[in-house]
Each structure stands twice: as structure tokens, then as C-alpha cells.
Colleague: 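Could you have a look at this structure, given as C-alpha cells, before my questions?
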Protein chains: 2
Amino acid sequence: MTKLDLVYQDLKQKIDTGVYATDTLLPSENALASLYGASRDTIRKALAKLRDQGFIQSQKGRGSVVINRQQYVFPVSGVISYKELSQRLNFKTTTTMIENTQMPLPIANFKAVDPHAKPCTTTRLVRLREVNGEPVIIDIDYINGDVVPAISKAVAEDSLYAYFEGQLHLTIAYAKKEITVEPATAQDQQLLHLDANASVVVVKSVTSLEDTTAFQYTESRHRADRFRFQEFARRA
Amino acid sequence: MTKLDLVYQDLKQKIDTGVYATDTLLPSENALASLYGASRDTIRKALAKLRDQGFIQSQKGRGSVVINRQQYVFPVSGVISYKELSQRLNFKTTTTMIENTQMPLPIANFKAVDPHAKPCTTTRLVRLREVNGEPVIIDIDYINGDVVPAISKAVAEDSLYAYFEGQLHLTIAYAKKEITVEPATAQDQQLLHLDANASVVVVKSVTSLEDTTAFQYTESRHRADRFRFQEFARRA
DNA sequence: CAGTGGTCTAGACCACCAC
DNA sequence: TGGTGGTCTAGACCACTGG
């Protein structure tokens, strides 16, 4: 844990628990520097992170205002696993593996989100996500066989990310995502209990490692009436 | 223009035009510092910005790799106006004002995106966006009357953001957005030429100024079959 | 006016990568 | 081993806010 992250985590926690309340000012940068025994620059980096995440807004000559008790609803935003998400939200979720096969990457299917995808063999994983006993999402994953050899049912039904990071020590760096709305396929209708003319929200993503290897291609098909996505963005 | 932004813009432009090609390394931070006559720290801040935007990925001991020729499709991500967007994409677009009235802010309608919205009088603007003669989006704006007095038809059909920033000198700081899918209303069906059982993608947003005043509430209703949203995200 | 955040600098030490 | 990015520091000057 770096000093920057210690300051960031502590401030974030104090904002979350109301020690620093919404619409009030944080201590000044110099005050925080003394408090944490850090240089002003390190404090500023922690504040920049809070700013990017939408916790504070800084104003010249005044200070940094707490603006937002962060609330997660469905952050397609951010690179986060389904397991991490459901834990944070206290959902009662189950994951059922429907398919686990080896096949070449269907490049054309991910053209929009990664125009330069290269051929490779993959593990194809199809999983059904249920929340409170209701089927909500079908996740279709293609995992690069050069990076990850094979995946057990136990891992697939628990958490891929925990396996990748904890066991294989892969460093996940970034992802590109795309959201569209499409007519439900026969499989969507069957697994998600949908009518013939229903739509699903499709989230396609490519996740890459620190060395820029694209190693996971995912197509996530959501019941449209259960889909919700929130984000925070800054101007310029 | 700060030195940081000069470096950022120049590097970004060189990446866009291929001077620094995808999958190649940028000059080292020390080299860039000499090149631009800036300190290493300033260079690092510019690189951090490029990293956040998905242009480069840095690797300890190796350098910073160009990973992505940025491509805009429909950035709900980012605080950007429809006019800025259509210019960037070279769309042929028209905007038609349908309604321009004064009314109290419909707080309940924006509860999900701003739970603490306060009562205020607003200008309600309803505008239809067409791309290549095809109606694609209905924008319903509520603009805080305490911040912006009234809005002319000419401004509404050109660009609100250009007016807010250029004429009124407001500093737009950040926005919260939410995406959901809803059944098309009668107005949706009529204006967007949709069937009775069609769905629309609804993007609700609250935009705030530097002093944290929420001044614009927008409900953007998109034809589902024309909607596409892409984003870049980093882990942790 | 004093205090705040915004920008910029020069230098230090570390962990990591490639040769 | 030399060069790279990652972290941290101490200090400077500026523009802005508030009383």
C-alpha cells in the first residue's frame, strides 16, 4: 500500500461514513499534509483520485467540497467483476455454468470493441447469473488460451477475477466496453424468460493486462428491464 | 493553456496522426522532459492524462506503449454536448425545438440520478435530434432558472453548452448519468417513428458547475436500435 | 489581507526490465 | 548494469476566495 493510497482510502472511508459530510469542506491541503505526515504533492494526488471518482469538487481559494456519497447501482463503468459487484451491493446471487468449451476467438463478434483482435484459441464460458432466484444476465466469455490454460467449473461459478489475480498473478490493467440494445435470441428468451419480441442490453468488453495483451473477451446479455448503469464524468 | 496541457495535446495529436504508432514506445519521460523543456513531473502528469483516456499503457522498466487510436462512437461518457459530438463525428444533424416553457423541476423524475435535488423553477426544453433526416433522440432539458434566465429558440437549436460557457461564462465541472431501457411513450412513438411495443434507451443526467450547483437536468430518449455507447476504464 | 487550490520545478530513492 | 517508470519530498510562484 502506497502512502498515496493510504491517504485516499482513509479520506474515502471518512467521506463514506460521514466524518466529512456532503457539502462541507475537507481540511486544506496543507492541513492534510501535516495530518498524514505527507508532502502536499502526495495529498494532492490522493485528492485528484477522489475528484476523478466524484467524491469531491475543488475550488480555488476556498477548498475541496464533498459532493457525493458514492452509490453503486450497476457500474459497467470501471473494471470490476460480477462477484466484487454483488458483494458490494449485498445481492443474493448465484452463477450457473452452462457451457465450457475450447474454440477459436469469434473475432467478427468483437470487431466493434477491438478492431485489431488477433486469432487465438480460447476457453468459451457461458454462465447464467441469477439475482434473488431470477435470471438476469447471460455472460459469454472467451478467455485467451495463451494466457489462461483451462478453467474449472468451481472457478467459473465463483469468480474469474479472483482466480486470475489471486492464483495466476495476472495484472489486469484496462478494458474497453460497448453497450447496445439487440433483439433477444432464442437462448436469451429461454434462459432469461423473455417474450419473442423482447430486447436485451448487450455489453461487449475486451480486457487487457499490463503488458497490453487482450486476454478476455466478454459478451454480457442483460434483461433490459433489469439493466441500469450509472457513471460520473468530468468536463474536458 | 498550461504547459501540462500543451504537452498533453501535442502527444495526443502525435498519437492520433500516427507519429507515435500503436504498439510502439513513447520517448522516455526524461527524454520528453528535455524535448518540451519541462520537468519530469509535468511530463508525468500529461502521461497520466493520456493513460486515463486510454491512449497509452505504462510499464515499469520498459516505457509507455501506445495502445489505442481513440475512436468516438457515442460517448455518453464524458461531459460533452450534442453539438460538440456531432462535429467530431461529422454527422449531418438538425435540432428542432418542440417546446420551451417554464415549470418547476420534476424532482421525482430525477430521483435516481440526484436523490437530493432541490425545488427550483426551470426552463423546460424539448428538442428532437435528427441524423441524416432520421429522428434519433428526444432531449428533454430542465435548466435551473436561478442560473440561466431564459433561452431563445436560436440558442436551443444551436448549442446550449456554447451559450452557457461562451456567453454566460459558466464553468461546467461534472455530471452524473444513468442509462436505462424503458417502453416507448406515445410521444416517443410519434416523434421517433416507433411501434407500440418498442423500447427506448433513456439517459438521465444532472450537470453541475464548479461551485457544485446542479443547473441542468436532462432526459435523453434514444431509438434503441441506434444507440451505442463505448467507454474505456482502468482497473482499481 | 491571509489562506486556498493550481502549476511547476529539481532532486531523491525504489523496483523493474532489458541487455 | 544502465535506463525506465513509480513514489515521495520541499519549495516556489500564481490566481483566486473570503473576510
Side-chain angles (χ1 to χ4, degrees), chain A residues 1-11 20 23-52 55-67 169-174 208-213 234-236, chain B residues 1-11 20 23-52 55-67 169-174 208-213 234-236:
Chain A
M1 196 69 127
T2 64
K3 191 176 279 195
L4 190 169
D5 275 320
L6 282 174
V7 175
Y8 167 75
Q9 293 294 348
D10 192 66
L11 287 175
Y20 297 131
D23 287 333
T24 64
L25 290 174
L26 249 42
S28 77
E29 297 180 350
N30 284 319
L32 290 172
S34 306
L35 260 173
Y36 290 101
S39 71
R40 187 177 158 220
D41 201 59
T42 301
I43 298 296
R44 278 186 61 73
K45 278 169 186 150
L47 293 180
K49 214 165 163 181
L50 290 169
R51 237 182 340 261
D52 286 345
F55 287 98
I56 62 171
Q57 170 66 24
S58 301
Q59 288 160 255
K60 242 189 293 199
R62 228 167 74 85
S64 292
V65 191
V66 178
I67 54 172
H169 301 295
L170 300 176
T171 308
I172 295 164
Y174 57 90
S208 300
L209 302 175
E210 201 178 24
D211 68 2
T212 75
T213 311
R234 294 202 158 269
R235 172 87 169 144
Chain B
M1 197 68 125
T2 64
K3 191 177 278 196
L4 190 168
D5 275 321
L6 282 174
V7 175
Y8 167 75
Q9 293 294 349
D10 192 66
L11 287 175
Y20 297 131
D23 286 332
T24 64
L25 291 174
L26 250 43
S28 77
E29 297 179 350
N30 284 318
L32 290 172
S34 305
L35 260 173
Y36 290 101
S39 71
R40 187 178 159 221
D41 201 59
T42 300
I43 298 296
R44 278 186 61 72
K45 279 168 187 153
L47 293 180
K49 213 165 164 180
L50 290 169
R51 231 175 353 253
D52 287 344
F55 287 99
I56 63 172
Q57 170 67 24
S58 302
Q59 288 159 254
K60 245 190 293 200
R62 228 168 74 85
S64 292
V65 192
V66 178
I67 53 172
H169 302 295
L170 300 176
T171 308
I172 295 164
Y174 57 90
S208 301
L209 303 175
E210 201 180 24
D211 68 2
T212 74
T213 311
R234 293 203 158 268
R235 172 85 169 148

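Every chain is numbered from 1 and lettered A, B, ... according to where its sequence line falls, protein lines coming before strand lines.
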Colleague: What range of DNA chain D does chain B touch, first nucleotide to last, counting atoms under 4.0 Å from its heavy atoms?
Modeller: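 Taking any atom under 4.0 Å from a heavy atom of chain B, the span is D/dG3 to D/dT7.
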
Colleague: How close do B/Leu209 and B/Tyr174 get, heavy atom to heavy atom, and via which atoms?
Modeller: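 Looking at all heavy atoms of both residues, the closest pair is O-CE2, 4.0 Å.
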
Colleague: Please find the pair of heavy atoms, one from A/Gln59 and one from A/Val65, that lie closest to each other, and give the distance.
Modeller: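 Reported closest heavy-atom pair: OE1-CG2, 3.1 Å.
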
Colleague: Grab the CD-C1' distance between B/Glu210 and C/dT4 for me, whole Å please.
Modeller: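 Rounded to the whole Å, the gap is 13 Å.
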
Colleague: Decide side chain to side chain contact (heavy atoms under 4.5 Å, CB included) for B/Lys49 and B/Asp5; before the verdict, give the C-alpha distance in whole Å, the side-chain angles of both, and the deciding distance to 0.1 Å.
Modeller: CA-CA 9 Å; B/Lys49 213 165 164 180; B/Asp5 275 321; 2.7 Å; yes

Colleague: Between the side chains of A/Thr213 and A/Asp211, is a donor N or O closer than 3.5 angstrom to an acceptor N or O?
Modeller: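 Yes, A/Asp211 and A/Thr213 have a side-chain donor paired with an acceptor closer than 3.5 Å.
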
Colleague: Looking only at heavy atoms, what is the nearest atom pair of B/Leu25 and B/Gly63, with distance?
Modeller: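 Looking at all heavy atoms of both residues, the shortest contact is CD2-C, 3.9 Å.
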
Colleague: Quick one: on DNA chain D, does B/Arg40 or A/Arg40 contact a more 5' nucleotide (nearest heavy atom)?
Modeller: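 Residue closer to the 5' terminus by nearest nucleotide: B/Arg40.
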
Colleague: Which residues pass the salt bridge (charged side-chain N to carboxylate O under 4.0 Å, His left out) test with A/Arg51, not counting sequence neighbours?
Modeller: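 With neighbours one apart ignored, the set is empty.
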
Colleague: In degrees, rounded to 10°, what is the bend between the two ends of the helix from C/dC1-D/dG18 to C/dA18-D/dT1, using five pairs at each?
Modeller: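 Between the first-five-pair axis and the last-five-pair axis there is 0°.
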
Colleague: Is there a donor-acceptor pair under 3.5 Å between the side chain of A/Ser34 and the backbone N or O of A/Asn30?
Modeller: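 Pair found, side chain donor or acceptor close to backbone of A/Asn30.
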
Colleague: Say you draw a straight line from OG of B/Ser64 to CZ of B/Arg44; how long is it, rounded to the nearest 0.5 Å?
Modeller: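 Between B/Ser64 OG and B/Arg44 CZ, I get 8.5 Å after rounding to 0.5 Å.
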
Colleague: With respect to A/Tyr36, which candidate in A/Leu6, A/Asp10, A/Thr42 satisfies the side-chain contact (heavy atoms from CB on, under 4.5 Å) definition?
Modeller: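 Only one option passes, and that is A/Asp10.
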
Colleague: To the nearest 0.5 Å, what is the distance between OH on A/Tyr8 and CG on A/Leu50?
Modeller: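 Reported to 0.5 Å precision, the distance equals 6.0 Å.
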
Colleague: Which sits closer to the 5' end of DNA chain C, A/Asp41 or A/Ser58, going by the nucleotide each is nearest to?
Modeller: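 Upstream on the strand: A/Ser58.
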
Colleague: Kindly say if A/Ser28 contacts the phosphate of C/dT4, meaning a side-chain N or O under 4.0 Å from OP1 or OP2.
Modeller: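 Indeed, a polar side-chain atom of A/Ser28 lies that close.
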
Colleague: Run B/Leu47 and B/Val7 through side chain to side chain contact (heavy atoms under 4.5 Å, CB included) and show every step you take.
Modeller: CA-CA 9 Å; B/Leu47 293 180; B/Val7 175; over 6 Å; no

Colleague: Between the main-chain N or O of B/Ser39 and the side-chain N or O of B/Lys3, is there a donor-acceptor pair closer than 3.5 Å?
Modeller: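 Answer holds: no.
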
Colleague: For each nucleotide in nucleotides 14-19 of chain C, reading 5' to 3', give B when a protein heavy atom comes within less than 4.0 Å of its base, S when such contact involves only the sugar-phosphate, and - otherwise.
Modeller: --BBS-

Colleague: Strictly by salt bridge (charged side-chain N to carboxylate O under 4.0 Å, His left out), give each pair with a member in residues 55-66 of chain B just once, sequence neighbours left out.
Modeller: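 Those involving residues 55-66 of chain B do not exist here.
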
Colleague: Does any residue of residues 1-11 of chain A have a heavy atom under 4.0 Å from DNA chain C, and if so, which ones, in number order?
Modeller: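 Heavy-atom contacts with DNA chain C come from no residue of residues 1-11 of chain A; none.
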
